[in-house]
Amino acid sequence: MSQGLDRASSPEGENTIEAVAKVVAFEHGLAVLEPEPTGSCNGCMSAALCGTKTGNTSRLLAKRFTLADSAGLKIGDRVVVGLGGGSLMRASLTAYAIPLLTMLVTMVTIDQMGGGETRTMVGAFAGLAVGIGIARLSASYLAKKGDLSPRLIRRAYGPGPGESCHTDLG
Amino acid sequence: MHDLLLLIVGAALVNNVVLARFLGLCSFMGVTTKQETAVGMSLATTFVITVSCMGDWAVEQYLLEPYGVGYLRTVTFILVIAAAVQFTELTVRKVSPSLFKTLGIYLPLITTNCAVLGLALLLVEGKMSFINATLFGFASALGYSLVMVIFAGLRERIALATVPRLFAGPPVGFITASLLALAFMGFSGMATN
């Protein structure tokens with residue numbers, strides 16, 4: 001989703017990270033979008049000729065996401081979707097900072113209690129596991145609030161990557 | 001405790017991984033055009049560096065040193081780093097698919113960050129204990145994150161400033177980085193580790 005990052009200000013004044021995506025399907029009434037590749041080679045239809053396309057496609061499949069406010073969209077539409085800059089920061093903190101902090105606190109506490117190297121190592125991994133559990137709970141709370149969901153900003157106009165490329169060798 | 005604090009300050013500020021050791025310069029210049037992306041990349045790198053330092057320490061202590069195969073260190077550490085990145089990717093994907101979709105882009109980039117390998121080799125050179133090695137990795141990554149965020153903030157301001165045409169873009173970025181490195185030299189003398 002964060003591919004092809006561009007930034008703008010939303011009406012609420014929050015910085016929004018924008019990306020262009022294409023509607024590829026509809027599931028349960030929600031549009032399924034695929035972010036557009038931005039690399040100079042991968043973004044071109046002729047990438048198939050230089051052998052870079054297959055790997056990139058599988059990576060894009062993993063990055064497909066749904067959009068809640070998809071009224072009026074149809075398959076093939078290109079849209080600009082946005083994610084608040086604060087959301088990216090909250091997501092990063094949840095995924096990485098919580099497990100790291102619990103791990104370090106557990107490790108230093110055991111070490112200061114004179115636990116020895118083996119116990120410190122076991123404590124560190126236990127702290128990491130606990131942190132991952134807390135991060136999971138926190139992430140599900142953020143997802144329920146809708147903090148991690150991209151929203152539709154506007155329709156994108158102009159040709160998409162590859163649509164203006166020369167695909168024949170002649 | 002005093003020693004641990006000294007180690008953290010030394011690794012994060014005095015011997016900063018970017019501005020004093022000149023490691024991780026690719027992501028330093030490449031991902032610092034926007035503050036949000038810099039924060040995302042910094043946190044992901046911090047996690048991977050800390051986990052891989054723990055893994056590298058264990059591999060060195062229980063495999064490379066006892067069997068006298070230190071010449072395989074670089075190759076083995078690269079393998080450990082790649083495993084740490086995969087572990088992080090799997091963890092984030094399991095913890096929250098939404099988080100993975102938001103943050104997943106940064107993870108493959110970390111495997112090729114030379115700061116991760118450089119720090120692992122430095123902790124072996126320093127013959128550190130497990131806790132020291134982990135805190136050294138964490139503090140160095142914290143220093144990396146600090147510099148990334150400061151530099152991203154500066155570049156955002158520079159992007160709005162009027163810069164002579166020949167200096168626009170990366171040249172003024174490098175000049176700013178050199179001034180930042182000079183500022184960080186002020187920390188030398190605070191700690192020696």
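Naming: A, B, ... by sequence-line order, numbering from 1 per chain. All values below come from the heavy atoms of this structure, side chains included, with hydrogens, waters and symmetry mates left out.
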> Is chain A contacted by the side chain of B:F130, its backbone, both, or neither, given a heavy-atom distance below 4.5 Å?
Replying inline: both
>> Quick check on A:L93 against chain B: is it the side chain, the backbone, both or neither that has a heavy atom closer than 4.5 Å?
In response: both
> Side chain, backbone, both or neither: which part of B:T50 has an atom under 4.5 Å from a heavy atom of chain A?
Replying inline: side chain
>> Between B:C53 and B:I49, is there a side-chain heavy-atom distance shorter than 4.5 Å?
In response: yes
> Between B:Y67 and B:L72, is any pair of side-chain heavy atoms under 4.5 Å apart?
Replying inline: no
>> Would you compute the distance between atom CZ of B:F138 and atom OG of B:S145 and round it to the nearest 0.5 angstrom?
In response: 8.5 Å
>> Heavy-atom cut-off 4.5 Å, strictly under: side chain, backbone, both or neither for A:L104 against chain B?
In response: side chain
>> Any heavy-atom pair between the side chains of B:T46 and A:Y96 that's under 4.5 Å?
In response: no
